[in-house]
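Written out below as structure tokens is the structure these notes cover.
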There are 2 protein chains.
Amino acid sequence: MLTIGRLAAHAGVTVRAVRHYHQRGLLAEPERDSSGYRRYDAAAVVDLIRIKTMADAGVPLARVDELLHAGQEEFADAVAAIDADLRARIRDLTRQRRRIAELAGGERLFLPADVVAVLERLRALGVSERTVRVERDMWIMMAAQSPELLPELVAVKNASFDDAELMRLYLACDEAFDWDPGDPRLVRLAADMKAWAARQQEHEDVGPDTRALLDAHLTASSPAWERLMSLVAAP
Amino acid sequence: MLTIGRLAAHAGVTVRAVRHYHQRGLLAEPERDSSGYRRYDAAAVVDLIRIKTMADAGVPLARVDELLHAGQEEFADAVAAIDADLRARIRDLTRQRRRIAELAGGERLFLPADVVAVLERLRALGVSERTVRVERDMWIMMAAQSPELLPELVAVKNASFDDAELMRLYLACDEAFDWDPGDPRLVRLAADMKAWAARQQEHEDVGPDTRALLDAHLTASSPAWERLMSLVAAP
DNA sequence: GTGCAACCCTGACGCGGGGTCAAGGTCAAG
DNA sequence: CTTGACCTTGACCCCGCGTCAGGGTTGCAC
């Protein structure tokens, strides 16, 4: 007769696991001796080994019992299902590995390389780090909301670097970041921006939802910018 | 200003997840409006997307915060550690897939093919299914306790099929299974077994622990066998 | 006899990443 | 005024055990 510890040792599992299997109904509760200890016979070792073998093979405990008493065909079906599940989990983990590799390569910016390049061009232009961060945040939002549009947006942005007037406006906005919202220079800047916008043909890339989000972010970044946005939006 | 639902939608996560991130301290709790609703700004969207990106890449939530504020080097180290963990988990799952494939191939016997073949030989010899099952259980125990000895044990067993006297004894034991323990034929059988054993050289293959377990199993299978064992063990 | 280590018992919490009620308060539209 | 879609907190659930906590038992040495 075996105690639970010796049973567990024979099967290569922990005592806690044996009790867990009892609780799940996988392994029958044996007789108790006078002091309440469980007493096992050799057949229990075999039962336990079979359970352990299943568990080690990735069979969910909930299905172990069913499988132990299944016929050939059900058994094969169940095994196929479990294997499919294991494959799916491996696939998920593999995807995660790809993602984390991208993260590591993305220089902690959580952005694809071409967007990082855009931000570099802005820095090279003389834009302040503060504004670059706001721009980065907007790219993060755009990437999350319309990843399929991202390449196009990057292309448009890169093309915009050749628009000297736009670049002048961009740098002016950068400087305007911490002006007083009542500063009269904002009115002129807004007028210049409206004039520039009037010469552009419309290309509504991101959805209105995303647009609102981006605007909200700009607005919240600086009181001067908030004023600027309202001036530009006014008729 | 965004409600929690709209924030979650913008980042592509569930409302429950956002609240969970608050609870874990990953995402700062925002202001509440007059009725207690959380009110988010666009910056929260960026924060949330960064968290989600990490989580999707398999970063444990407990390390997300640390990583968001880590420097280049720590970041790289942490990413390497996480990737190693992902690889380990993939390896474990792959091992499970191999194991379950073996299970499926093993005809639900949880035993390697050569042992299955031994059992087949016994059946062919005319041994009852009942006894084959006892034998199978003993192989399961031996396989679990000393897997490294298994090939040798199988070889010895296969060789034993050529020992005509042993086979006669084996079949006699099979028949004796449900004799009355007081049956006088058991005494003769035990004597024959002792005589056979005396002619054999010792080869103590499995450990004494396993030996005791196997004996216990035989003893528990049939009262007649229990008697037989005690007769053989007696001086 | 007594001390001590090594067992055994039940019960309960913890992990990770949230899902899923429950029981109510709030808001916008018709 | 109602309806349905939101929001709030709180609590339990999943899986496969690990790990206490707070006891009782056994066996061996002194």
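In what follows, every chain begins at residue 1, and chains take the letters A, B, ... in the order their sequences are listed.
In this structure, the CD atom of A:E29 is 13 Å from the C1' atom of C:dC8, given to the nearest Å. Distance CZ (A:R39) to P (C:dC8): 9 Å, rounded to an integer number of Å. Separating the CZ atom of B:R63 from the C1' atom of C:dG17 is a distance of 17 Å, rounded to the nearest angstrom. Protein atom CG of A:D65 is 14 Å distant from nucleotide atom P of D:dG16, rounded to whole Å. We find that OH of B:Y37 is positioned 14 Å from P of D:dA5, with the value rounded to whole Å. A:D85 places its CG atom 12 Å from the P atom of D:dC15, with the value rounded to the nearest Å. Residue A:H20 contributes atom NE2, which lies 15 Å from atom C1' of C:dG11 at whole-angstrom precision. As a whole-Å value, the separation of B:I4 CD1 from D:dC6 C1' is 11 Å.
Of the candidate nucleotides C:dC8, C:dG19, D:dT26, D:dT26 has the atom nearest to the side chain of A:S35.
For the pair A:L68/A:D47, no side-chain contact is recorded, criterion being any heavy-atom separation below 4.5 Å from C-beta on. A:L61 places a side-chain heavy atom less than 4.5 Å from the side chain of A:V64. Annotation: side chain of A:L228 is in contact with side chain of A:C173 (closest heavy-atom distance under 4.5 Å).
For D:dG18, one of the phosphate oxygens OP1 or OP2 lies less than 4.0 angstrom from a side-chain nitrogen or oxygen of A:T14. Side-chain nitrogen and oxygen atoms of B:R19 include none within less than 4.0 Å of the OP1 or OP2 phosphate oxygen of D:dC7. For D:dT8, the OP1/OP2 oxygens have a side-chain nitrogen or oxygen of B:R38 closer than 4.0 Å. Side-chain N/O atoms of A:T3 include one lying less than 4.0 angstrom from OP1 or OP2 on C:dC8.
Ion pairing between B:R38 and B:E31 fails under the 4.0 Å rule for side-chain N and carboxylate O.
Aromatic ring centroids of A:H22 and A:Y40 lie under 6.0 Å apart.
The base of D:dT19 sits with one of its N or O atoms less than 3.5 Å from a complementary donor or acceptor on the side chain of A:R16. Counting distance only, with no hydrogens placed and no angle test, the side-chain atoms of B:Y21 and the base atoms of C:dG17 include no donor-acceptor pair under 3.5 Å.
Residue B:E129 places its CD atom among more than 12 non-hydrogen atoms of other residues, nucleotides or ligands, all under 6.0 Å distant.
The residue A:R32 sits close only to the backbone: its heavy atoms come under 4.0 Å of sugar-phosphate atoms, none of a base.
Between B:R24 and A:G36, the residue anchored nearer the 5' end of DNA chain C, judged by the nucleotide with its closest heavy atom, is A:G36.
The terminal axes of the helix from C:dG1-D:dC30 to C:dG30-D:dC1, fitted over 5 pairs per end, subtend an angle of 30° to the nearest 10°.
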Evaluation steps, side chain to side chain donor-acceptor pair (under 3.5 Å), between B:T210 and B:Q145: CA-CA 7 Å; B:T210 309; B:Q145 310 234 297; 3.0 Å; yes
